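The structure under discussion appears below in the form of structure tokens.
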Amino acid sequence: MTGVSASLDDDQIQLQKTLRAALSRHCSGPAQLALATGEEDFDPALWKLLLTELDLVGLAAPERFGGGGAPLPVLGVALMELGRALYSGPYFSSGVLTTQAIVGSGDEAVGAEILPGLCRGEVLATVAGLRDDGPDGLPGVGGVVATAATADGDGTHRLTGVADHVWEAHGAHRFVVFASTRDGVGCFLTHPDAPGMLVERLPGMDLTRRLSRVRFAAAPARPLGALDGGSRALARLRRIAPVCLAAEQIGGAEHCLEQAVDHAKRRHQFGRPIGSFQAVKHQLASVLMDVEAAKAATVFALGALEHESPDAATMVHVAKAAASDAFFHAAGALIQTLGGIGYTWEHPAHLYLRRAVSGRAQFGFPSAHRRALGAEGGH
Amino acid sequence: MTGVSASLDDDQIQLQKTLRAALSRHCSGPAQLALATGEEDFDPALWKLLLTELDLVGLAAPERFGGGGAPLPVLGVALMELGRALYSGPYFSSGVLTTQAIVGSGDEAVGAEILPGLCRGEVLATVAGLRDDGPDGLPGVGGVVATAATADGDGTHRLTGVADHVWEAHGAHRFVVFASTRDGVGCFLTHPDAPGMLVERLPGMDLTRRLSRVRFAAAPARPLGALDGGSRALARLRRIAPVCLAAEQIGGAEHCLEQAVDHAKRRHQFGRPIGSFQAVKHQLASVLMDVEAAKAATVFALGALEHESPDAATMVHVAKAAASDAFFHAAGALIQTLGGIGYTWEHPAHLYLRRAVSGRAQFGFPSAHRRALGAEGGH
Amino acid sequence: MNTAGAAPTGGDRDVDSDGEMFRARVRSLLAENLPAGWSGIGALSDREQEEFRTRWRGLLHENGLLAVGWPIEYGGSGLSPREQLILAEECTTAGVPQGGLNDNFGVQMLGSTLLRWGTEEQRRYYLPRILSQQDIWCQGFSEPEAGSDLAGIRTRAELVEGRWVINGQKIWTSYGHLATHIFVLCRTDSSVPPHRGISLLLCALDQPGIDLRPLRTLTGEAEFNEVFFTDAECPADAVVGPVNGGWPVAMSLLGFERGEAVATLAIRFRKDWERLHHLAVDPEGPTDPVIVERLGRSRQRVEELRCLGLRAVDSWVAGRDIGAESSLHKLFWSEWIQETTELALDVLGMEAVTAGSDGLRGVSFPAAEAGTPNTAGTWADYFLRARAATIYAGSSEIQRNIIAERMLGLPREPR
Amino acid sequence: MNTAGAAPTGGDRDVDSDGEMFRARVRSLLAENLPAGWSGIGALSDREQEEFRTRWRGLLHENGLLAVGWPIEYGGSGLSPREQLILAEECTTAGVPQGGLNDNFGVQMLGSTLLRWGTEEQRRYYLPRILSQQDIWCQGFSEPEAGSDLAGIRTRAELVEGRWVINGQKIWTSYGHLATHIFVLCRTDSSVPPHRGISLLLCALDQPGIDLRPLRTLTGEAEFNEVFFTDAECPADAVVGPVNGGWPVAMSLLGFERGEAVATLAIRFRKDWERLHHLAVDPEGPTDPVIVERLGRSRQRVEELRCLGLRAVDSWVAGRDIGAESSLHKLFWSEWIQETTELALDVLGMEAVTAGSDGLRGVSFPAAEAGTPNTAGTWADYFLRARAATIYAGSSEIQRNIIAERMLGLPREPR
């Protein structure tokens with residue numbers, strides 16, 4: 001056995017309990033709704049909690065850069081809890097995407113420069129140029145939309161083009177940008193105040209995940225890593241991002257199922273709790289089956305990536321497809337179980353449904369992952 | 001309004017009652033099973049009943065050829081009842097496929113020669129060369145497998161090639177064969193004793209519908225109709241055959257649903273009739289929804305073909321896709337509702353499931369019809 | 001102005017037994033009054049829609065087409081079910097409404113109910129006021145605690161000194177903010193089994209005992225209201241049908257809700273489908289076969305729905321009760337709308353996720369209005385609205401129970 | 001021959017805590033005893049399968065691998081759950097059985113149950129006879145009238161002059177025609193609630209009071225039997241656990257039924273999937289994207305099942321009860337097998353409809369044996385067999401109830 005497990009170990013269960021208790025104090029339904037519809041990009045008090053009390057922001061960054069050095073399954077536990085609480089803010093963009101891109105690029109100097117501040121929560125960062133609706137629906141391949149060219153012999157690179165669907169770009173202090181170069185995929189570092197950078201907020205169905213369009217007009221940028229730093233970082237993100245999003249989706253799905261079960265036990269109709277009707281019971285049993293199976297697959301996929309198992313690539317597809325479907329299934333079942341109250345603005349159920357819809361499309365639709373699985377044969 | 005209706009009229013309902021009563025005397029479960037597994041190709045007594053008492057064999061053949069001249073919706077009523085009774089024999093091959101092919105070819109001489117005997121039940125006939133598993137899953141297009149060549153200047157055509165999945169070829173006295181010619185699709189008449197003809201029975205999942213492979217080694221044959229007789233007949237069959245099969249499938253589906261409901265009312269488990277559990281009720285309600293909708297669409301499609309409505313082509317796809325799915329759904333639900341008894345050889349449920357499986361594949365899988373609908377746009 | 005005289009006479013109607021003369025009349029009215037290039041009311045802005053509805057309602061009223069099934073003496077045109085269906089089909093095909101936003105409640109639901117259950121005085125008083133818009137009606141049926149169990153309503157009415165005094169809360173009152181009156185289902189006897197102590201009361205909204213609050217739905221819009229009754233009053237004779245015998249009255253009122261939907265919904269859904277097909281299928285290039293097949297399934301189901309509807313219409317015109325078949329219809333279309341809007345999300349991909357705020361405008365449930373712009377924003381909004389389809393007007397769970405018990409004869413559950 | 005001495009000693013096992021030494025031993029046994037090119041027992045003809053099973057059972061027995069979890073004093077090898085799982089995994093991967101056709105009933109089910117519930121005399125008497133095949137067991141649980149409601153069994157046993165006298169009927173007795181004995185669930189007290197008056201009796205088949213008839217299933221085969229009891233007898237002490245206290249005994253026996261399936265089923269299903277992939281996907285040319293996506297979904301679900309299984313195994317090895325999670329597993333795989341065999345029909349098209357009679361050979365439910373020929377006939381047969389998956393061993397309806405009530409805590413239905 002490689003040490004890859006589909007179960008959480010005791011330490012992970014302990015971390016889960018700690019996070020759930022802490023987040024439940026901050027991420028109530030009204031708070032989520034206020035944040036979703038307010039002007040604030042995210043809740044600074046909550047960010048501070050993640051940083052100080054919970055030490056989450058640098059959780060998976062290497063220890064040499066001031067991070068916690070946690071393996072991916074531990075990061076997955078954190079993401080599940082954040083997903084359950086419908087956390088809205090720059091965690092995934094800074095703590096997952098940027099961290100993994102920089103580590104993946106192999107650029108130790110940039111790592112030493114950026115990651116300690118990022119781990120302390122002082123530097124917010126995100127990744128641009130990961131196109132997530134490419135022909136195969138998967139991130140990265142052919143999906144780098146900014147283009148770079150070396151200028152004037154002084155070593156400055158300039159980025160030109162448009163990167164869509166950038167997560168939490170507002171407020172970010174640094175951007176890691178994937179861009180096509182003559183030598184292949186490059187990975188570059190820039191910042192929002194660079195000349196030629198323009199960040200536009202996109203409207204969105206998912207009220208708790210802010211997406212932007214970033215325009216580059218010959219914006220100066222520094223390359224990360226050696227010549228193949230870009231493709232190495234991209235290859236890493238192509239695997240890690242879908243599974244990390246899957247972990248977040250599992251948390252959202254579990255929350256939806258629990259809310260539905262809770263309602264079904266309390267709500268009476270026709271003289272009985274509605275949860276005693278087979279129509280309700282059996283639907284929720286089917287949701288549980290999907291959620292539990294997707295969770296086991298996601299936990300396993302995180303371990304397979306951490307251990308670089310031979311089935312890691314397969315399990316990325318399995319986890320993202322299964323978790324996206326399970327979350328969508330659970331959010332739909334929650335609204336159906338709630339009935340009219342679930343159709344109101346004030347009930348947070350729709351925020352989860354919106355998140356489930358956006359997550360399905362990001363880092364590969366379930367259908368795209370399934371086609372990859374269907375084509376590949378055994379391993 | 002064009003006179004196309006999705007409802008049965010009073011005459012059709014009367015015919016339905018008559019047929020149902022007559023067929024129920026002959027098509028019991030044990031009789032079906034005996035026929036399915038016996039050596040007989042079909043039940044001659046039942047054939048006689050169809051001919052004499054019910055006057056069904058020539059129902060839709062033109063009156064000038066000794067037929068009943070009934071419009072397609074009336075033929076549909078007969079097919080629904082035969083499907084319900086899981087009728088096994090040469091009705092569809094003679095009374096639907098051959099009759100429609102000859103009428104479609106426009107060859108009055110062959111019509112006058114063949115159809116009166118066919119309507120009297122003396123001549124059994126079938127159609128070969130309708131390939132039903134072609135690239136688009138639809139019958140006919142590019143699906144003619146026998147090839148014909150004009151020989152020796154004496155006007156005799158000779159067929160060469162293999163026609164698969166020919167319905168009820170054993171016992172047939174005449175074959176209408178579609179074949180490629182230099183001038184396009186030709187339609188030819190031959191008989192089983194012609195030199196170069198070889199009929200081989202194929203094994204089959206559907207125990208009540210016999211399929212054969214017919215080999216032609218320069219078998220002599222007469223062309224039907226003018227130069228375009230073949231393509232005219234083929235165009236007619238391409239539309240009529242799927243909808244007629246859909247009608248038969250509706251009957252099968254209704255029977256399965258009724259058997260399931262009957263069992264659910266009588267069978268007690270946990271101190272209640274199992275039909276009082278929502279799991280059972282709701283599954284059967286879903287089956288009813290599918291069956292009723294498919295039935296309305298099939299009845300309408302038959303009328304649309306009869307009246308040559310502009311939406312006839314669309315409704316052919318709708319009816320075959322819907323009826324195939326509804327029958328498969330209903331047969332599966334019957335076995336699930338029956339539980340263990342439905343898994344035995346002696347219970348006729350599996351004969352319906354087998355028929356549902358074979359019918360899905362014949363004259364176009366539901367998926368092929370759906371792709372045609374998805375591609376075509378509005379009408 | 002009541003122009004019932006402009007309708008075909010009884011003699012004409014016998015000749016026009018298949019309604020084709022009436023259809024021609026409706027078509028020419030539409031042709032004369034709709035601008036060139038008209039694609040449906042959904043193409044207009046909110047403000048334009050409001051103006052159009054006002055003008056259009058007036059035109060229908062002038063032509064005796066607002067309450068075609070009502071007898072002439074109450075301001076209707078006394079036309080047959082077939083003619084009602086023809087009007088509905090033609091208006092739906094043209095993409096125009098059959099009245100104002102509240103006429104579904106005033107004309108179709110309350111009006112038809114008064115004709116069956118009301119007293120002669122009630123008919124003479126209320127029906128003309130509905131047509132003239134002196135009274136604009138909304139519905140007070142649903143309650144937060146009752147949910148799908150309508151017999152479980154708790155809003156109470158007591159007869160005190162010759163007036164009904166109402167206390168309680170209603171929810172999901174569409175267009176209540178546009179209404180002057182509400183028909184409200186109340187418990188008037190708590191000492192008997194739930195179905196036996198209910199009455200349907202007619203109540204003015206403009207009184208201190210009524211508080212109407214907008215209810216925002218998950219799409220962010222507020223076409224629904226909550227209505228709070230605190231010692232609200234209505235006259236003793238403002239009860240439709242027998243006191244305490246309101247249950248069958250309420251059931252027949254619900255039967256009139258979107259009665260012609262069986263005939264018109266598939267027409268509307270096919271417009272939706274054509275929009276989606278236009279988005280998904282590139283006539284020049286190849287389309288993903290998976291999407292093509294799902295589009296085909298959506299189309300298949302629209303056509304099946306159309307045929308189910310045609311069959312129901314045959315029954316209706318022949319004077320037979322559609323009965324539980326309306327549950328089959330409801331279940332079918334609610335699944336269609338969810339399946340198809342989910343397909344739209346998959347067709348649109350990230351476009352749906354970053355859709356602008358151009359939601360559906362003035363949608364009349366359940367389908368989008370004809371002419372709705374074919375944008376990612378309208379489809380994203382449609383997807384969200386479609387969540388309600390399997391909940392409102394009898395949840396899918398309730399519909400399956402009704403179908404199983406009334407159409408298949410399966411036994412009820414033990415209580 | 002009992003070769004328990006060949007098993008690792010206790011001391012060795014501590015060193016081998018992850019079982020890798022044991023795995024190596026199993027692998028070398030497999031490597032030494034399987035012919036070159038071995039793809040699985042499913043590739044053999046019926047006759048060859050029978051010969052192979054006999055030889056293979058002997059080999060496992062000689063090597064102490066037939067009842068690895070039994071204590072050494074009863075002829076087992078006293079190995080841990082992890083080692084049991086390793087053996088199951090390795091045999092499944094290699095495509096060989098873990099015993100004879102009836103060992104599932106004798107070793108896994110009855111043997112494990114006697115170890116938990118039996119008397120010392122029963123263990124000493126019955127267990128060695130199971131290993132030596134002096135006694136070959138089959139199961140007598142299901143009844144035609146009881147169906148999914150196992151507590152509703154009617155087969156009665158009365159103690160008459162020191163012997164149990166059994167009357168009634170059992171059904172779905174797999175491989176009953178190969179057995180010498182049957183464990184039979186009987187009602188021994190009709191005066192108490194159904195769960196309280198049941199006993200598990202051990203009964204020889206070779207007696208006049210027993211009539212065993214083959215039961216043909218819808219595939220046409222007869223691996224099941226009906227068993228009729230007419231004053232059949234067994235000794236008074238041939239009862240497992242308390243008289244009238246057989247319900248928990250029966251439940252734990254069913255828990256042992258295919259206990260290691262959670263670990264092995266995904267391995268077997270993946271072989272099925274690979275066969276289907278080979279049929280459906282042409283490595284040279286394009287494959288229909290709809291089929292590719294459905295294949296992908298099937299693969300996704302296999303891998304999910306594998307992960308669910310791994311998690312259950314972790315619990316099992318840690319000594320925790322899997323409990324209702326086994327219902328989740330059952331529900332999941334029964335849906336997989338139906339979905340995937342339906343996909344196979346669509347991949348095969350008319351080939352499946354005109355499939356020859358080369359049905360699955362010697363299938364051990366629910367998956368096809370490894371090495372099964374990849375023909376239309378085997379897939380058509382597999383499709384038909386898969387109909388039983390959502391019915392037997394607790395129907396899907398029952399499983400969803402168990403999941404909802406025991407895992408989600410939803411209330412029971414009123415009775």
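The chains referred to below are lettered A, B, ... by the order of the sequence lines, with proteins before strands, and numbering in each begins at 1. As the structure is a computational prediction, the values presented were derived from the model and not from experiment.
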| request: Return the minimal non-hydrogen interatomic distance between Ala322(A) and Gln300(D), and the atom names on each side. | output: CA-NE2, 3.5 Å
| Do Phe300(A) and Arg311(D) have side chains that get closer than 4.5 Å, going by heavy atoms? | no
| task | With the side chain counted from C-beta on, respond yes when Val292(D) and Arg370(A) share a heavy-atom pair under 4.5 Å apart, and no when they do not. | result | no
| task | Heavy atoms only: give me the nearest Glu293(D)-Ser367(A) pair and the separation to one decimal. | result | OE2-CB, 3.1 Å
| task | With the side chain counted from C-beta on, respond yes when Ser5(A) and Asp314(D) share a heavy-atom pair under 4.5 Å apart, and no when they do not. | result | yes
| query | If you check every heavy atom in residues 399-408 of chain D against those of chain A, which residues fall under 4.5 Å? | reply | Arg400(D), Asn401(D), Ile403(D), Ala404(D), Glu405(D), Met407(D), Leu408(D)
| field | Electrostatic pair Arg301(D):Asp325(A) at N-O distance under 4.0 angstrom | value | no
| task | Give, as side chain, backbone, both or neither, the part of Val281(D) having an atom under 4.5 angstrom from any heavy atom of chain A. | result | side chain
| said: For Leu8(A), which atoms come within 4.5 Å of any heavy atom of chain D: side chain, backbone, both, or neither? | reply: neither
| task | For Cys307(D) and Val299(A), run side-chain contact (heavy atoms from CB on, under 4.5 Å): C-alpha distance rounded to whole Å, both residues' side-chain angles, the deciding distance at 0.1 Å, then the answer. | result | CA-CA 9 Å; Cys307(D) 294; Val299(A) 170; over 6 Å; no
| remark: Turns out that what part of Ala294(A) lies under 4.5 Å from chain D's heavy atoms comes down to both
| message | Quick check for you: among Glu325(D), Arg294(D), Arg297(D), which has the greatest number of heavy-atom pairs under 4.5 Å with chain A? | response | Arg297(D)
| Given that the side chain runs from C-beta out, which part of Glu335(D) has a heavy atom under 4.5 Å from chain A: side chain, backbone, both or neither? | side chain
| What pair of heavy atoms forms the shortest contact from Ala293(A) to Phe332(D), and how long is it? | CB-CE1, 3.4 Å
| query | Going by heavy atoms in the side chains, are Arg299(D) and His317(A) under 4.5 Å from each other? | reply | no
| task | Compare every heavy atom of Lys281(A) with every heavy atom of Pro411(D), then report the nearest pair and how far apart it is. | result | O-NZ, 2.9 Å
